[in-house]
Amino acid sequence: MEETSTMPDAAVPGPAPAVPPTPPVPLAALLAREDLGLRQIAGPQDSATVIHWAHTSEMADPYPYLLGGELLLTAGVHVPEAAGSGTYFDDYVSRIVEAGGAALGFGVAPVHDTVPRALVVACDDYGLPLVEVPPRTTFSGVARAVWQLMAQARHTELRRVTEAQQSLAAAAARPDPVPSVLRQLAQRVGGRATLYAPDGGEVASAGRMPGAGGGDGGGGGEVSGALAGLVAVVRPTTRDGSGGVSASGGGGGPTPSSASDTAAGVHLAAYALGTGQGFVLGVAAPRRDPGDHTIASVGAVLLSLLTGEHQSSTGAARSSALVRLLLGAAPEEVAPLLGGSERWVVVHARPDGPAPDAVTASALGAALGSALVDVDGDVVRVLVPAGHRELTVQPDWTCGVSAPVGAHEWASADTQAGRALSRARATRARLVRHGEHQGLADLVPPTEAAAHARTLLSPITANPALTETLRTWLSLHGSWDRTAVALSVHRNTVRQRITRCATLLSTDLDDPDVRMELWFALRHV
């Protein structure tokens, strides 16, 4: 007999998925579908009963074909005529339970007019929910309903995880980032989140400890102790006095970066933060939904960045540079605090996917070799020391790079990078650099070039929109569509502005000599 199954990808052995696994479907939700007409006639009616997939089998012994968590569907083709007077159904149900089956669905007609009484008794004896499938409902219809419920649950869980990621990123940007992230994490998992120091002490915590009373006594104290013990297991190894390596609270071998456990019915998890400082995040929650590990992992990444920032000397130097800038110091005075580089480049980048958040922006900064990152709407700006590493194309990002400048030219470099990004987007290039090659225009003294540019462009310089449109249009060889994309305006708007420029400048923009002169002037405005 051929075996068929409806099984989600999460059940297939392989690498752990990058997204939360599909949540199981409550049996009660399937029974509530009026279009199916299902009815539970035996076994415990427990709201906690869930099914992970539906499987159809007419084998007398389905055990070899079950993985656990199934709603097993059968029409009773395998049932012998004298089954009701022997131990057939008792053996059949016991094998389903032994294999971890979640429930049994028995189809009425065409083989059996009613569900065999001996099967009802056996399901009651073994505590296996038995569901009657009416003649009008096909097994494929039941399987499809399971898939629909699983898809709805997965969508809900993914939306919950996405909202949690956004709220955690926003919390990390608050003036008190560490407590804010812990508060948001505790709220999202419905429990308690604690940051532990390298010596095991609590640095900060938020939320209520699940357990008896949620306090330090009773079940709450037991949970707190169990969480502290789990934290000790994942804390990074340290050198002991003899020169050997010891792991806090654990045996030999590599220390895991995360671990989970339960105590007094509470779900516990610990995450070693990747700062090299020994900080650990501990989470205690009354339940563990499929997306909770993903949410807690995002919190751990953010806390890794925050604790690493506060513990490093470079983080302190950047803080000093910011304070000095706010108090009126010139950029060239604070630049040595940011890495000692004499030359810098500014990178503007836009992701191919959704708008960037703090985590993705920090990852881009790390790839470019700089922690000086700013998220400005859809664009990430990174200030990078020039010459420390070669700036290359970043996967899933479109980048514009300024020319290397001194600290006193940071503002100009920011403008250059913005224009380079606009050109990269319009030309569908992954990376565009400003002023990569030297030309004849570089032979003209800058002061003379600037004076000429001011005179030539004076009719339009009072209107920045006209100036920028003309600059972009010329850089894209007069393409209306690509200019519209680069400026995020309609192509008719581009045409109107270019026509206005031609009128105010009293010139023919179709003349290549005129275009060359204007391009030269725009470079020196």
Go through the steps for D414 and R419 under the test salt bridge (charged side-chain N to carboxylate O under 4.0 Å, His left out), then give the verdict.
CA-CA 9 Å; D414 184 52; R419 290 171 180 166; over 6 Å; no

Kindly indicate, with the supporting measurements, whether the criterion ring-ring contact (aromatic ring centres under 6.0 Å, His included) is fulfilled by W480 and W473.
CA-CA 7 Å; W480 308 109; W473 183 74; 5.5 Å; yes

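Counting only heavy atoms from C-beta outward, the side chains of V178 and L195 approach each other to under 4.5 Å. Using a 4.5 Å cut-off on side-chain heavy atoms (C-beta onward), L505 and L470 make contact. Proximity of H477 to R482: side-chain heavy atoms (C-beta onward) are separated by under 4.5 Å at one or more points. At a threshold of 4.5 Å between non-hydrogen side-chain atoms, the residues Y196 and F279 do not count as touching. When side chains are defined from C-beta on, H52 does not count as touching E70, because their heavy atoms never get closer than 4.5 Å. Under the 4.5 Å side-chain criterion, counting only non-hydrogen atoms from C-beta, H348 is not in contact with C399. The closest side-chain heavy-atom distance from I460 to L457 is below 4.5 Å. Using a 4.5 Å heavy-atom threshold, the side chains of R160 and D292 count as touching.
A donor-acceptor contact under 3.5 angstrom links the side chains of S180 and R183, judged on distance only. The closest side-chain donor-acceptor pair between R188 and Q184 falls under 3.5 angstrom. Side-chain contact, T461 with R454: no donor N or O sits under 3.5 Å from an acceptor N or O. Side-chain atoms of H267 and D261 include no donor-acceptor pair closer than 3.5 Å.
Expressed to the nearest 0.5 Å, how far OG1 of T415 lies from NE2 of H434 amounts to 10.0 Å. Expressed to the nearest 0.5 Å, how far SG of C501 lies from CG of N463 amounts to 8.0 Å. How far CG of L466 is from CD1 of I498: 8.0 Å, rounded to the nearest 0.5 Å. Atom CG of L185 and atom OG of S167 lie 9.0 Å apart (nearest 0.5 Å).
A cation-pi arrangement is absent between R430 and W397 under the rule of less than 6.0 angstrom and at most 45 degrees off the ring axis.
The two atoms that bring T398 and L421 nearest to each other are O-CD1, 3.2 Å, heavy atoms only.
A donor-acceptor pair is defined here as one N or O able to donate and one able to accept, closer than 3.5 Å; no such pair exists between the side chain of T493 and the backbone of V489. A distance-only check finds a donor-acceptor pair linking the side chain of S422 to the backbone of G418 [under 3.5 Å]. Here the side chain of S488 pairs no donor or acceptor atom with the backbone of A484 at under 3.5 angstrom. Not a single donor-acceptor pair under 3.5 Å links the side chain of R497 to the backbone N or O of T469. Side chain of Q165 to main chain of V298: no donor-acceptor pair is present (N/O by atom type, distance under 3.5 Å, no hydrogens or angles).
Residues forming a ring pair (Phe, Tyr, Trp, His ring centres under 6.0 Å) with H293 (at least two apart in sequence, or on another chain): Y271. Take R423 and apply the salt bridge (Lys or Arg N to Asp or Glu O under 4.0 Å) test, not counting sequence neighbours, and it matches no residue. Contacts of D376 classified as salt bridge (Lys or Arg N to Asp or Glu O under 4.0 Å), with partners at least two apart in sequence or in another chain: none.
Contact check on E468 versus R471 returns a salt bridge, with a Lys/Arg side-chain nitrogen under 4.0 Å from an Asp/Glu carboxylate oxygen. A salt bridge does not link E157 with R154: every distance from a Lys NZ or Arg NE/NH1/NH2 to an Asp or Glu carboxylate oxygen is 4.0 Å or more.
Around CZ of R500, the count of heavy atoms belonging to other residues, nucleotides or ligands within 6.0 Å does not exceed 12.
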